Amino acid sequence: MKRLISISTIFLFSASAAGQELKFGFNVGTHLVYRTKFDQPIFIPENSYYIYQEKSAGAGVINKTSVFNSLSVGGLVTASYKRFTLNIEPQYFFQRTIYKFKEPTETERVIGKKALRIPIYGTYKFWKKENSTYLIAGLIFHSEANYDLQNPGGEVYFVGKPYAQSTINFGDNHFYNVLYDDKPYWSSMLGIGKVTRRGLNYSLRFHRRLNTEKRGIEGRIWNLELNIGYLFLSTRDFTKKHYLYFD
Amino acid sequence: MISVAFQNSISTPLDSLSSKFSEQNFGFQVGYDFAIIRRRLRLISDFAKPATEFKNGWGIHASFQKNKEFLLQFSYHRPLIKLYIPLFRIHLLNEFGLGLHYNPRFAEKAMKPMTPAIIVDVMRIRWCNSPVYLYAKGVYSIRNNILGSQMLGVSVMMGLKVYFYKYN
């Protein structure tokens with residue numbers, strides 16, 4: 001494996017790879033749809049006396065679809081060769097979702113994360129032209145800090161009243177090892193994208209976490225993300241330019 | 001373009017969630033925008049009428065409020081959504097800026113009074129073509145943690161702004 005990587009690296013930097021182009025830019029994105037399902041009728045957290053129950057039979061404790069619950073901002077590096085590109089996007093990722101539970105008593109929880117995400121993916125252009133639609137496939141590395149707390153509500157956020165006076169606090173981190181854990185992990189990514197005439201890369205991406213069963217995470221989570229990237233710097237900007245003149 | 005505004009700032013902590021207005025904090029704002037103007041000819045029936053349109057701009061604005069509140073902002077100015085109704089022009093999402101916000105009210109709830117902030121000019125209402133705007137902008141502290149249970153440092157500034165400029 002080491003030999004394979006070293007040989008491919010040498011090929012990458014060799015003269016035969018001169019047709020490559022590196023581009024740099026930035027990207028922003030948000031979840032269009034974020035789906036969470038925790039398919040258990042009853043859930044008892046280890047660190048609380050609150051017992052979560054499903055609303056109706058078969059619904060599961062969590063059965064929620066959220067929209068626009070995240071924001072990602074980051075850089076973008078693209079290496080292109082013919083119709084293929086390899087992309088790396090280091091991103092700061094922020095997500096906040098409110099889950100409402102009605103049984104046995106009404107409560108709301110805020111579950112969110114601040115993360116470093118590194119999507120590494122390849123694209124393939126369907127046609128030769130520069131603004132072609134392209135296919136996306138790859139992996140995302142996540143290293144994240146998770147937050148799981150009872151929703152403090154508007155009185156804490158805007159009036160500044162102490163948390164304990166407003167309601168009973170059932171504690172933090174109820175869904176640890178159910179919806180999230182603190183270890184870094186990988187997600188798979190599939191998508192489709194389009195470059196506009198102005199050079200904006202619009203892409204729709206489907207994400208799903210890998211190795212959830214191995215880690216003991218029972219919640220099923222997937223999301224559809226809209227990402228907009230803009231490449232503003234290319235290695236060809238620094239190379240010698242050849243102009244063609246026509247009379 | 002030089003701008004002068006009379007404005008009112010309402011910021012957290014509010015007196016209560018049910019009361020619409022918390023403590024009023026009046027003041028004024030002065031600013032300068034480096035504007036990029038686009039000129040084009042509008043073809044109306046048989047003749048071409050020259051039209052001058054604001055394209056975008058970079059600005060620096062300073063707000064001085066009562067109660068020692070102060071905001072210095074650097075912003076990019078470009079109206080994203082324009083709605084035209086008779087006699088009025090409504091612009092949504094106009095200015096996007098970064099700045100420094102000093103607000104002694106934040107210190108009441110154990111927040112630092114000086115915070116870096118994101119500023120978004122949410123809405124402007126303009127009377128016909130006059131350079132007079134009614135506006136509302138939000139100031140959101142970057143130190144806020146909405147994944148926590150502490151008070152958020154948020155302000156809303158509303159006012160009347162007049163631009164002074166001349167066409168060459």
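Note on naming: letters A, B, ... go to the chains in the order of the sequence lines (proteins, then strands), and numbering restarts at 1 for each one. Keep in mind that this is a model prediction, so the values were computed, not measured.
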A quick test of your reading: do over 12 heavy atoms of other residues, nucleotides or ligands sit less than 6.0 Å from [atom1] of [X]?
| X | atom1 | answer |
| --- | --- | --- |
| B/Lys112 | NZ | no |
| B/Phe34 | CZ | no |
| B/Lys55 | NZ | no |
| A/Tyr230 | OH | no |

For [X] and [Y], work out which heavy atoms get closest and say how close.
| X | Y | result |
| --- | --- | --- |
| B/Ile146 | A/Arg96 | O-NE, 2.7 Å |
| B/Leu147 | A/Leu149 | O-CD2, 3.4 Å |
| B/Met151 | A/Tyr157 | CG-O, 3.3 Å |
| B/Gly148 | A/Pro152 | O-CG, 3.6 Å |
| A/Val159 | B/Asp15 | CG1-O, 3.8 Å |

Inset, instruction - Evaluate the side-chain proximity of A/Val156 to B/Lys109: yes if any heavy-atom separation is below 4.5 Å, no if none is. - result: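 A side-chain contact is absent here, since even the closest heavy-atom pair is not under 4.5 Å.
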
Legend entry - Worked verdict on A/Glu155 versus B/Leu14 for side-chain contact (heavy atoms from CB on, under 4.5 Å): CA-CA 9 Å; A/Glu155 292 226 317; B/Leu14 302 173; over 6 Å; no

